[in-house]
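Worksheet: one structure, shown below.
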Amino acid sequence: MTTDSTLINMVKGHAVMTNRMSYLFAILLLLFAALLRTADLANVPGGFSEDEIINIRLVDNVRQGDIFVFFPGEGGGREGMYHVFVAVVTLFVGEGTIGYRILSVWLSLVSIAIIYTLGRHLFNPIVGVMSSGLVAVNLSNIILARSVTSDAVVVFLVSATMLALARSLPVYRRTRVVTSNVISFATLGALLGMGFYLHPSSLFIVLGCMLYIGHLLYIRNAMFRQRRSYTGFAILVMIIIAMPYVISSINVPQYAAGQRILSQYTDGLLRSIVEGLLGVVRIGDANPLNNLPGRPLVDAFSGLFALVGIVICIVRRHRPRFMLLLITGFVALPAALIVKQSPNFARMAVILPQLALFFGIGFYSLIRTSVFADVVFRRMAVAGVLCLFALNFLWTWQDLFVGWRNDERVVPLVNGDLGQIAHYLDARGNDMPTVLCNSNWENTEPKEFLNDSEKTLLMMNRSDLVYDEADCTRSLILTDGGARQRVVFFREENRNNIHPYLWEWLSYGQPAVGKLPRNTVFELELASLLADRAGEFTTMAPVWYDPDFAGEAVPVPAPIRFGENLTFLGYQPNVERQYLPGETVDVITYWRAEGTVPADLTLFTHILSDPVTLIKGRDVISVNPARLHDRDVFIQVTSISLPETALPGEYFVSVGAYRQTVTERLVAFKDDQPYGDRIFLYAIEVQENPNTEESSN
């Protein structure tokens with residue numbers, strides 16, 4: 001290789017690229033790569049896949065101090081170090097779609113810089129620029145850079161390890177007159193050791209490194225002798241770091257990387273290899289989470305150049321720098337090709353740096369031919385390269401931001417509908433009160449899957465959203481006395497399941513304006529309607545205090561104030577009053593928060609044959625009381641099934657409230673004086689079941 005302080009690369013006596021030129025191109029490539037990886041990062045993809053959500057929940061476990069070598073899962077274990085890194089990063093940059101993805105973006109950009117440095121260090125600036133350019137516009141690498149997955153670490157891990165090898169060991173024909181750098185060897189050992197905790201592909205990376213070291217020891221023993229101690233030091237560092245991993249793999253082999261890798265070896269081994277190779281330049285990965293289905297890993301021209309580069313490396317395999325690519329590339333092929341549902345571009349990340357370097361070598365071999373000694377042909381080659389890069393950039397931009405973003409196969413896999421709602425709430429913020437329809441808000445126990453509300457909040461890039469929660473099928477919150485608000489249903493089918501009485505209220509609202517799934521977000525302004533309804537309660541819906549305190553059943557108008565800042569506003573009087581045994585009684589009540597109410601607040605609704613005898617009751621509240629704000633009104637629909645054995649006669653409906661952590665009910669007040677712990681609404685009549693009459697006859 002001809003080396004000069006100014007002219008680095010010569011073709012037939014003509015300068016092709018200097019150091020300064022290569023630095024400039026590398027910076028431009030990094031800018032283009034950053035644009036492709038950060039443009040609209042919050043919304044491309046529109047949300048998180050289920051696998052990403054699992055990773056994010058593991059990040060939460062790390063924040064709580066639960067750090068393991070392997071996190072168990074259905075498909076085997078997950079190495080834990082990636083989640084530790086994400087937890088540290090989000091501590092400074094925040095959460096949401098940007099916060100959780102930004103580490104993958106950074107690693108991808110650093111990988112491009114490392115690949116440029118590696119190509120330049122092993123060969124020349126042209127190889128470095130061309131190799132980094134291929135990775136910069138590679139769609140699968142960009143998708144990984146926008147994903148919360150440990151697969152995003154692989155390209156960085158492979159390229160950084162190869163660079164550490166190249167800087168530590170003699171990869172050139174001549175021994176460089178430099179002092180062995182202990183930092184390079186320490187970095188090599190640390191990368192190899194940490195790789196075990198990052199991704200199962202690290203087993204192939206370590207194997208490739210050990211084979212390469214053995215290769216150098218065999219063919220260049222005299223030159224390698226002076227660095228044996230340093231190499232041993234690097235291996236020792238790797239062993240020390242990897243020891244907990246080895247012990248954990250022995251103790252829980254079902255979660256170890258080796259077990260997961262072996263599980264990929266199926267009966268269709270040959271088919272997996274063939275389809276994996278074809279996927280590089282032809283059929284592409286059909287998984288929408290890894291690729292726009294049908295798009296190959298690289299274009300045909302780049303694939304041809306890469307093939308030429310592989311041939312050149314095989315021909316020059318006696319040179320260690322070429323052998324470095326061959327060994328690390330071919331040893332990693334099983335991890336890339338022998339996978340379920342091959343081709344899998346996420347798994348091919350382990351060979352992407354080598355493939356890019358093969359591409360750079362193949363292109364460089366082309367311009368080294370005699371025809372490009374002529375300045376006209378050399379300029380044509382430069383123009384062709386620029387056109388190839390421009391076409392790939394535009395191709396990737398179109399496929400990423402138009403094709404892949406809006407692909408109907410991608411949207412459901414990344415919970416795109418919920419992502420649109422999260423983006424809408426991010427943009428609107430607290431411009432008006434928000435009610436989230438979450439039927440599972442009271443479940444605080446660890447659960448296997450998150451509900452739609454939890455997923456949406458996970459995708460938001462702001463943490464200051466003020467919101468109420470309710471099971472909107474059984475309750476409706478009118479915030480701030482019915483002022484303007486929005487109600488979020490998350491899915492259209494959830495809106496279709498709401499109680500007909502509540503739907504009457506919602507019918508006064510309008511769908512929110514914005515890019516949202518159909519019939520998911522509604523805006524309401526019902527203050528005047530609520531005031532009219534409250535006025536009707538005072539005349540048409542009287543209540544009675546507990547006879548044990550009142551002494552007599554004297555009707556009084558609502559509202560009735562209870563303890564703990566809770567007020568009973570009234571009930572819907574125009575309901576069915578006659579029932580058969582076994583039928584369902586719907587009791588519709590209105591309540592208002594007069595400040596902060598207890599988080600463990602619960603309402604009870606009882607059906608009594610007399611003021612003492614309980615026939616059937618239900619204790620439930622369909623809103624999250626911990627999130628209620630002052631002047632929030634909520635409509636509660638409580639359904640109670642009458643016993644099949646209920647006797648004909650008149651029954652009374654009573655309501656009240658209590659705290660789950662306190663045995664006593666909330667007190668009802670009259671003129672600021674305690675007046676029992678329940679109120680009576682109205683009476684219902686249970687009629688004799690006609691079937692019972694027929695059977696008796």
Side-chain angles (χ1 to χ4, degrees), residues 1 8-9 16-17 19 21-34 36-37 107-142 144-145 154-167 171 280-281 297-299 301-313 316 319 321-330 332 336 348-368 381-382 384-386 388-393 396:
M1 184 177 67
I8 302 300
N9 205 15
V16 176
M17 184 174 291
N19 266 336
M21 291 171 60
S22 70
Y23 292 147
L24 176 61
F25 279 117
I27 292 173
L28 290 175
L29 286 174
L30 283 173
L31 291 176
F32 281 116
L36 288 170
R37 285 155 178 79
L107 289 173
S108 181
L109 294 176
V110 172
S111 301
I112 294 171
I114 292 175
I115 291 172
Y116 161 76
T117 305
L118 182 61
R120 181 178 173 275
H121 180 79
L122 288 177
F123 303 101
N124 53 66
I126 292 180
V127 174
V129 169
M130 296 301 297
S131 302
S132 58
L134 178 69
V135 179
V137 296
N138 182 263
L139 179 64
S140 66
N141 185 257
I142 295 170
L144 279 181
V154 175
V155 175
F156 166 80
L157 188 61
V158 173
S159 57
T161 303
M162 291 175 63
L163 181 60
L165 272 174
R167 293 190 63 86
V171 297
V280 176
V281 293
L297 184 64
V298 296
D299 63 273
F301 288 105
S302 300
L304 180 61
F305 283 132
L307 181 60
V308 172
I310 293 173
V311 173
I312 291 173
C313 287
R316 301 179 181 179
R319 302 183 183 181
R321 53 197 175 112
F322 292 98
M323 200 62 179
L324 174 62
L325 298 184
L326 289 176
I327 290 178
T328 57
F330 283 96
M348 285 188 180
V350 71
I351 62 169
L352 185 60
Q354 299 92 319
L355 185 66
L357 289 167
F358 288 139
F359 163 74
I361 294 170
F363 174 79
Y364 180 67
S365 67
L366 174 67
I367 64 171
R368 284 291 300 261
V382 172
V385 169
L386 293 176
L388 182 64
F389 177 81
L391 290 174
N392 273 275
F393 179 86
T396 298

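The figures here come from the full heavy-atom set of this structure, side chains too, leaving out hydrogens, waters and symmetry mates. As the structure is a computational prediction, the values presented were derived from the model and not from experiment.
With rounding to the nearest 0.5 angstrom, the CZ atom of Arg167 is 10.5 Å from the CG atom of Leu122. For the atom pair Ile112 CD1 and Ser159 OG, the distance stands at 10.0 Å (nearest 0.5 Å). With values rounded to the nearest 0.5 angstrom, Thr396 atom OG1 is found 10.5 Å from Leu391 atom CG. The OG1 atom of Thr328 sits 8.5 Å away from the CG atom of Leu357 when rounded to the nearest 0.5 Å. Of the inter-residue distances, the one linking Leu307 atom CG with Phe359 atom CZ reads 13.0 Å to the nearest 0.5 angstrom. One finds the CE atom of Met21 at 8.5 Å from the CD1 atom of Ile126 (value rounded to the nearest 0.5 Å).
The two residues Ala349 and Pro353 have their closest heavy-atom pair at O-CD, 3.5 Å. Closest heavy-atom contact between Ala332 and Ile351: CB-CG2, 3.9 Å. The two atoms that bring Ala166 and Leu324 nearest to each other are CB-CD2, 4.4 Å, heavy atoms only. Arg37 and Ser108 get closest at one heavy-atom pair: NE-OG, 2.6 Å. Nearest heavy atoms, Leu30 versus Leu109: CD2-O, 3.5 Å. Scanning both residues, Val137 and Asn392, for their nearest heavy atoms gives CG2-CB, 3.8 Å.
A search for ring pair (Phe, Tyr, Trp, His ring centres under 6.0 Å) contacts involving Phe25 returns nothing, not counting sequence neighbours. Taking Ile27 as the reference, Leu31 meet the side chain to side chain contact (heavy atoms under 4.5 Å, CB included) condition, with sequence neighbours excluded. Listed by chain and residue number, Phe389, Phe393 satisfy the side chain to side chain contact (heavy atoms under 4.5 Å, CB included) test with Phe32 (two or more places apart in sequence, or in another chain).
With Ser365 contributing its side chain and Gly362 its backbone, the two residues share a donor-acceptor pair below 3.5 Å. Formation of a donor-acceptor pair under 3.5 Å by the Ser131 side chain with backbone atoms of Ala356 is found in this model.
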Apply side-chain contact (heavy atoms from CB on, under 4.5 Å) to the pair Val135 and Ser111, showing each step before the final yes or no.
CA-CA 9 Å; Val135 179; Ser111 301; 5.8 Å; no
In sequence, state the C-alpha distance, the side-chain angles, and the governing distance for Leu29 and Val129, and then conclude on side-chain contact (heavy atoms from CB on, under 4.5 Å).
CA-CA 8 Å; Leu29 286 174; Val129 169; 3.9 Å; yes
May I have the step-by-step check of side-chain contact (heavy atoms from CB on, under 4.5 Å) for Met348 and Ser140, ending in yes or no?
CA-CA 9 Å; Met348 285 188 180; Ser140 66; over 6 Å; no
Assess whether side-chain contact (heavy atoms from CB on, under 4.5 Å) is satisfied between Ile327 and Phe330, documenting all intermediate values.
CA-CA 5 Å; Ile327 290 178; Phe330 283 96; over 6 Å; no
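When side chains are defined from C-beta on, Val298 counts as touching Leu134, because their heavy atoms get closer than 4.5 Å. By the 4.5 Å heavy-atom criterion applied to side chains, Arg321 and Phe123 are counted as neighbours. By the 4.5 Å heavy-atom criterion applied to side chains, Val311 and Phe358 are not counted as neighbours. Contact annotation: the side chain of Gln354 approaches that of Val158 to within less than 4.5 Å [non-hydrogen atoms, C-beta and beyond]. With contacts defined as side-chain heavy-atom distances shorter than 4.5 Å, the pair Phe301/Leu388 qualifies.
Between Leu325 and the choices Leu355, Ile310, Ile361, the side chain to side chain contact (heavy atoms under 4.5 Å, CB included) rule is met once, by Ile361.
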